[in-house]
Amino acid sequence: MEAFQDQKGRQKGCLTIGSELKEEDVKKFDYHLPKTLDEALNLFASLKNCKYVAGGTDVFVDIKRKKIAPDNLISLRNIEALKIIEKNGGIRIGSCVTHEEILKNEDIKRHYTALHDAVKRLGSKQIRNVATIGGNICNAAPSADTACPLLVFDCVVGIYGKKGERKLSLDEFFLGPGMVSKEEDEIVTFFELCYLPKYSGSAYIKLTRREAMDLAIVSVASRLTFDLEEDILKVKETIANSDLKDMEEKIANLGIKVKQARIAMGVAAPTPLRAKEAETYLLGKVLDRDKIYEASEIASSVARPRDTIRGEAEYRREMIKVLTRRTLLLSVKRGLGLE
């Protein structure tokens, strides 16, 4: 983006496409930098053809591709209230927190490991330094990396508008590809993740063609909270140096009774999707290999993937089974403090 000021001191901007500058290749807009939520809302109400922008990694691409053509961009990047990570029983993440800030946060790394897994493989460092969690969620792509981890942490979305603040579960927030339950002038303010009791672990794995900077073919996040029917030291000794394949065979002897289970899938439906039937199946059960396999089969059966250039629906269904098993086993290991 090229920015300059007009004679009245307003911030101006334009995006250029291609190496040769032609009039039809230039999109000009006014670029506004409010410092409060109310100032942003007032700008939206008083100006024509507006769009909010946070990191801009999606918005500016859409402008270049001429998918959108706003006359006014209202940046949220100077609103300090949207840039905070704070504990509140669980943890609250402001919508303008960047993925790099999430990656470096020790509380998220230690306790909300599925989210840490997701941002670790989200784009390049340059993208993570700019892209925000609010933008990733509001873009509402089925492949959004942070969506599945937030779902397994029972995420509540904070939304602010002219009528004040309201809250909505992330389950209800997603309506379809590119569609969320938010009025055009409303601003997503925060994401609130649940409190995690003792013996809680989570994991997120996405399948890609390349190791880095690639969209998911399919992805799964899982979270388990459990009780132990065996001595903790005995359990840890049994699986301390085990890989996930070994754990499949040993887990029946660990006495791990599921108190809460969450499984979410990406690129498995028009929106990121909770596998609630699989969660219910695991509840109250003592884990063994067969129960983990059955849960993965149930998760796959409720998915609604489609054929695309990146992967066929049937392949995605099979990989949901594999990734569900792996994330459940990793959740156990992390819940025991072994990873």
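Residue numbers count from 1 along this sequence.
Residues V188 and I79 do not share a hydrophobic cluster, clusters being chains of Ile/Leu/Val/Met/Phe/Trp/Tyr side chains in contact below 4.5 Å.
The environment of K257 atom NZ is sparse: at most 12 non-hydrogen atoms of other residues, nucleotides or ligands sit within 6.0 angstrom. Within a 6.0 Å radius of NZ in K51, other residues, nucleotides and ligands contribute 12 heavy atoms or fewer. Enclosure of atom NZ in K162 by more than 12 non-hydrogen atoms of other residues, nucleotides or ligands within 6.0 angstrom is indicated. Other residues, nucleotides and ligands contribute more than 12 heavy atoms inside 6.0 Å of the CZ atom of R310. Around the CD atom of E86, the shell of radius 6.0 Å holds more than 12 heavy atoms that belong to other residues, nucleotides or ligands. Around the NZ atom of K291, the shell of radius 6.0 Å holds more than 12 heavy atoms that belong to other residues, nucleotides or ligands. The environment of CG in D231 is crowded: more than 12 heavy-atom neighbours from other residues, nucleotides or ligands sit within 6.0 Å.
Atom CD1 of I251 sits about 11.5 Å away from atom CG of D290, to the nearest 0.5 Å.
The ring pair (Phe, Tyr, Trp, His ring centres under 6.0 Å) test applied to F191 returns no partner, not counting sequence neighbours. Annotation: salt bridge (charged side-chain N to carboxylate O under 4.0 Å, His left out) contacts of K83 (sequence neighbours excluded): E80. In terms of the side-chain hydrogen bond (donor to acceptor under 3.5 Å, both in side chains) criterion, residue partners of S202 (sequence neighbours excluded) are, by chain and number, T113. Remark: S200 engages L196, P197, T225 in a side-chain contact (heavy atoms from CB on, under 4.5 Å) (not counting sequence neighbours). By the salt bridge (charged side-chain N to carboxylate O under 4.0 Å, His left out) test, E294 is found to be paired with no residue, residues two or more places apart in sequence or in another chain being considered. For the side-chain hydrogen bond (donor to acceptor under 3.5 Å, both in side chains) test, residues two or more places apart in sequence or in another chain that qualify with Y293 are E248, R289. Judged as a side-chain contact (heavy atoms from CB on, under 4.5 Å), and not counting sequence neighbours, the contacts of K167 are R92, V156, E165, F190, E192. Taking the side-chain hydrogen bond (donor to acceptor under 3.5 Å, both in side chains) definition, one finds that Q260 meets it with R223, sequence neighbours left out. Partners of K198 by salt bridge (charged side-chain N to carboxylate O under 4.0 Å, His left out), not counting sequence neighbours: none found. Evaluation of the side-chain hydrogen bond (donor to acceptor under 3.5 Å, both in side chains) rule for K87 yields D107 as partners, not counting sequence neighbours.
Ion pairing between a basic and an acidic side chain is recognised when a charged N comes within 4.0 Å of a carboxylate O; R65 and D62 show no such pairing. By the 4.0 Å N-to-carboxylate-O rule, E186 lies close enough to R166 to be salt-bridged with it. By the 4.0 Å N-to-carboxylate-O rule, R121 lies too far from D145 to be salt-bridged with it.
Side-chain N/O atoms of E277 and T280 include no donor and acceptor closer than 3.5 Å. Side-chain contact check for Y160 and D38: at least one donor-acceptor pair (N or O, by modelled atom type) lies under 3.5 Å.
Put simply, the side chain of T189 gets close to the backbone of G158: a donor and an acceptor are under 3.5 Å apart.
Side-chain atoms of T238 and N253, non-hydrogen and from C-beta on, never get closer than 4.5 Å to each other.
The list of salt bridge (charged side-chain N to carboxylate O under 4.0 Å, His left out) pairs with a residue in residues 326-339, not counting sequence neighbours, reads D117-R334, R334-E339. Pairs of residues two or more places apart, or lying in two chains, that qualify as salt bridge (charged side-chain N to carboxylate O under 4.0 Å, His left out) and include a residue from residues 233-242 are E230-K234.
The residue from V322, L323, T327 that alone fulfils the side-chain contact (heavy atoms from CB on, under 4.5 Å) condition with R325 is V322.
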